[in-house]
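Report on the following structure.
Residues: numbered from 1 along the sequence shown.
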Amino acid sequence: MSDKKKALEEKDKGNGYFTKKDFKNAITHYSKAIELDPKEHTFYTNRAAAYQSLENWELALKDANSSLELKHDWSKGWYRKGMALRGLQKWDEAFRAFEQAQKYDPESAEIRTRVTEADTERRKPKKVGPDGKPLASWQIAREEGNWLFKEGKFFQAVEAYSKGLEGCKDPKERVLLLGNRAACRLQQECQDYHAVICDCTEALEIEPNNSKLLTRRGQAYEALEKYKHALQDMRQAFSLDPNNQRAGQAIGRISAALKRLG
């Protein structure tokens, strides 16, 4: 009997154990099938499914990738990869994998459901870091603020960033939180120019050459018709970053306003 036929027999034995939910024995036989015929891509996705059932996401991901190395347009390989990444809570990567699976099998309702789920989850505030460890409370608040900002919920974003600032001691992270809160307070639905100036000034004490912060504070000064302060900030912002179009345009606009005032 050829190795290919022996490999198929081992696969069938694995399928039998898989049906009985005896996933460890299923893995044993799928592994034997792979040893006999390592170029057969379906064996890897079968074993990935067994690893997935045991929530061994890393090995499931490894097998899914192995199947795709052998057959890049294998929809089930992309699906298994997506499921492994889903188990690892890596939603951005899972979404991309499910999209690829859908590309090669556009009629699958299951894949369509997984694409929608991953897309929804990847947009939510993250509660774990890239290393899989839980985020600190202030980090979760920051993620919530970022998500709320993207959703256009600026009042709630301000509350989230404020909560994050309460527990954050890292100077660089505080700069980001203050800058993001200032950006919210520049929005029409949430205008508070004096608060923008306070946030940016506090952040600039840590990072005095931050072009974005200078621009935001300049915007607030301009809105309050404090043109000299606004022009000073915008000029400094533009000198630090000549690609800062907002600051560059503001310089001309504010200079014209000062001339009108004499």
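You'll find the side chain of Leu165 reaches within 4.5 Å of the side chain of Leu178, heavy atoms only. A 4.5 Å side-chain heavy-atom check between Asp37 and Glu40 finds at least one atom pair inside the cut-off. Within the 4.5 Å cutoff, side-chain heavy atoms of Trp138 are placed close to those of Glu173. Looking at heavy atoms from C-beta onward, Lys212 lies out of side-chain contact with Asp241 at the 4.5 angstrom threshold. At a threshold of 4.5 Å between non-hydrogen side-chain atoms, the residues Tyr44 and Glu69 do not count as touching. With contacts defined as side-chain heavy-atom distances shorter than 4.5 Å, the pair Leu54/Ile27 qualifies. At a threshold of 4.5 Å between non-hydrogen side-chain atoms, the residues Glu55 and Trp57 count as touching. Residues Trp147 and Arg123 are in side-chain contact: their nearest non-hydrogen atoms beyond the backbone lie under 4.5 Å apart.
No path of Ile, Leu, Val, Met, Phe, Trp and Tyr side chains, each step under 4.5 Å between heavy atoms, connects Phe154 with Val158, placing them in separate hydrophobic clusters. Transitive grouping of hydrophobic side chains (ILVMFWY, heavy atoms separated by less than 4.5 Å) keeps Trp78 and Met83 in distinct clusters. The hydrophobic cluster containing Phe43 does not contain Tyr17, counting ILVMFWY residues as joined when their side-chain heavy atoms lie under 4.5 angstrom apart, directly or transitively. Tracing side-chain contacts under 4.5 Å through hydrophobic residues (I, L, V, M, F, W, Y), one reaches Leu258 starting from Ile251; they form part of the same cluster. Under a hydrophobic-cluster definition in which Ile, Leu, Val, Met, Phe, Trp and Tyr are linked whenever side-chain heavy atoms come within less than 4.5 Å, directly or via other members, Phe238 and Tyr227 are assigned to the same cluster.
Remark: side-chain polar atoms of Thr201 are not paired, donor with acceptor, to backbone N or O of Cys198 under 3.5 angstrom. With hydrogens and angles ignored, the 3.5 Å screen pairs no side-chain donor or acceptor of Glu143 with any backbone N or O of Gln139. Remark: side-chain polar atoms of Trp91 are not paired, donor with acceptor, to backbone N or O of Arg86 under 3.5 angstrom. The backbone N or O of Ala101 sits less than 3.5 Å from a side-chain atom of Ser75, completing a donor-acceptor pair. Between the side chain of Arg216 and the backbone N or O of Val196, no donor-acceptor pair lies under 3.5 Å.
Residue Gln245 places its CD atom among 12 or fewer non-hydrogen atoms of other residues, nucleotides or ligands, all under 6.0 Å distant. Heavy atoms of other residues, nucleotides or ligands lying less than 6.0 angstrom from CD of Glu189 number more than 12.
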Review point. Under the side chain to side chain contact (heavy atoms under 4.5 Å, CB included) criterion, do Leu36 and Lys4 qualify, and how do the steps go?
Key: CA-CA 7 Å; Leu36 291 162; Lys4 283 186 178 293; over 6 Å; no

Practice item. Go through the steps for Asp3 and Lys5 under the test salt bridge (Lys or Arg N to Asp or Glu O under 4.0 Å), then give the verdict. Key: CA-CA 5 Å; Asp3 283 349; Lys5 286 186 177 180; over 6 Å; no

Practice item. Assess whether side chain to side chain contact (heavy atoms under 4.5 Å, CB included) is satisfied between Arg217 and Tyr221, documenting all intermediate values. Key: CA-CA 6 Å; Arg217 189 171 71 176; Tyr221 277 135; 3.5 Å; yes

**Study point:** Stepwise side chain to side chain contact (heavy atoms under 4.5 Å, CB included) test for Arg96 and Leu85
**Key:** CA-CA 10 Å; Arg96 290 192 290 272; Leu85 291 164; over 6 Å; no

Practice item. Apply side chain to side chain contact (heavy atoms under 4.5 Å, CB included) to Cys200 and Leu214, showing your working. Key: CA-CA 7 Å; Cys200 291; Leu214 287 162; over 6 Å; no

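Tyr30 and Phe18 have tilted rings, their planes meeting at an angle from 30° to 60° on a 0 to 90° scale. Using the six-membered ring where Trp is involved, Tyr104 and His72 have ring planes that are perpendicular, over 60° apart on the 30 and 60° scheme.
Using modelled atom types, one finds no donor on one side chain facing an acceptor on the other under 3.5 Å when comparing Glu110 with Ser108. A donor atom on one side chain and an acceptor atom on the other are not found under 3.5 Å apart for Lys11 and Asn46. Checked by atom type, the side-chain pair Ser67/Arg80 shows no donor-acceptor distance below 3.5 Å. The closest side-chain donor-acceptor pair between Tyr161 and Asn146 falls under 3.5 angstrom. A donor and an acceptor atom, one from each side chain of Asn244 and Thr215, are located under 3.5 Å apart.
When every heavy atom of Met234 is checked against every heavy atom of Gly218, the shortest pair comes out as CE-C, 3.6 Å. The two residues Pro38 and Leu70 make their nearest non-hydrogen contact at O-CD1, 3.6 Å. Of all heavy-atom pairs between Ile197 and Ala220, the closest is CG1-CB, 3.7 Å. Summarising the geometry of Pro208 relative to Gln236, their closest heavy-atom pair is O-NE2, 3.6 Å, with the distance given to 0.1 Å. Scanning both residues, Ala94 and Gly82, for their nearest heavy atoms gives CB-O, 3.7 Å. Pairing each heavy atom of Ala64 with each of Ala48, the nearest pair is N-CB, 4.2 Å.
Under a 4.0 Å N-O distance rule, the pair Glu207/Lys172 does not qualify as a salt bridge. Ion pairing between Asp170 and Arg174 fails under the 4.0 Å rule for side-chain N and carboxylate O. Between Arg185 and Asp199, at least one side-chain N (NZ, or NE/NH1/NH2) sits under 4.0 Å from a carboxylate O, which counts as a salt bridge. Using a cutoff of 4.0 Å between basic side-chain nitrogens and carboxylate oxygens, Lys24 and Asp22 are not scored as salt-bridged. Under the 4.0 Å criterion applied to side-chain N and carboxylate O atoms, Glu93 and Arg122 are not assigned as salt-bridge partners. Ion pairing of Glu117 with Arg114 is present here, as a side-chain N (NZ or NE/NH1/NH2) and a carboxylate O approach within less than 4.0 Å.
Considering OH of Tyr51 and CG of Asp63, their distance stands at 6.0 Å, rounded to 0.5 Å. The structure places OG1 of Thr113 at 10.0 Å from CD of Gln102, a figure rounded to the nearest 0.5 Å. Expressed to the nearest 0.5 Å, how far NE2 of His29 lies from CD of Glu9 amounts to 11.5 Å. Atom-to-atom distance recorded for Gln191:CD and Gln187:CD is 9.0 Å, nearest 0.5 angstrom. Note that CG of Leu135 is 5.5 Å distant from CD1 of Ile140, once rounded to the nearest 0.5 Å. In this structure, Lys228 NZ and Leu261 CG are separated by 10.0 Å, a value rounded to the nearest 0.5 Å.
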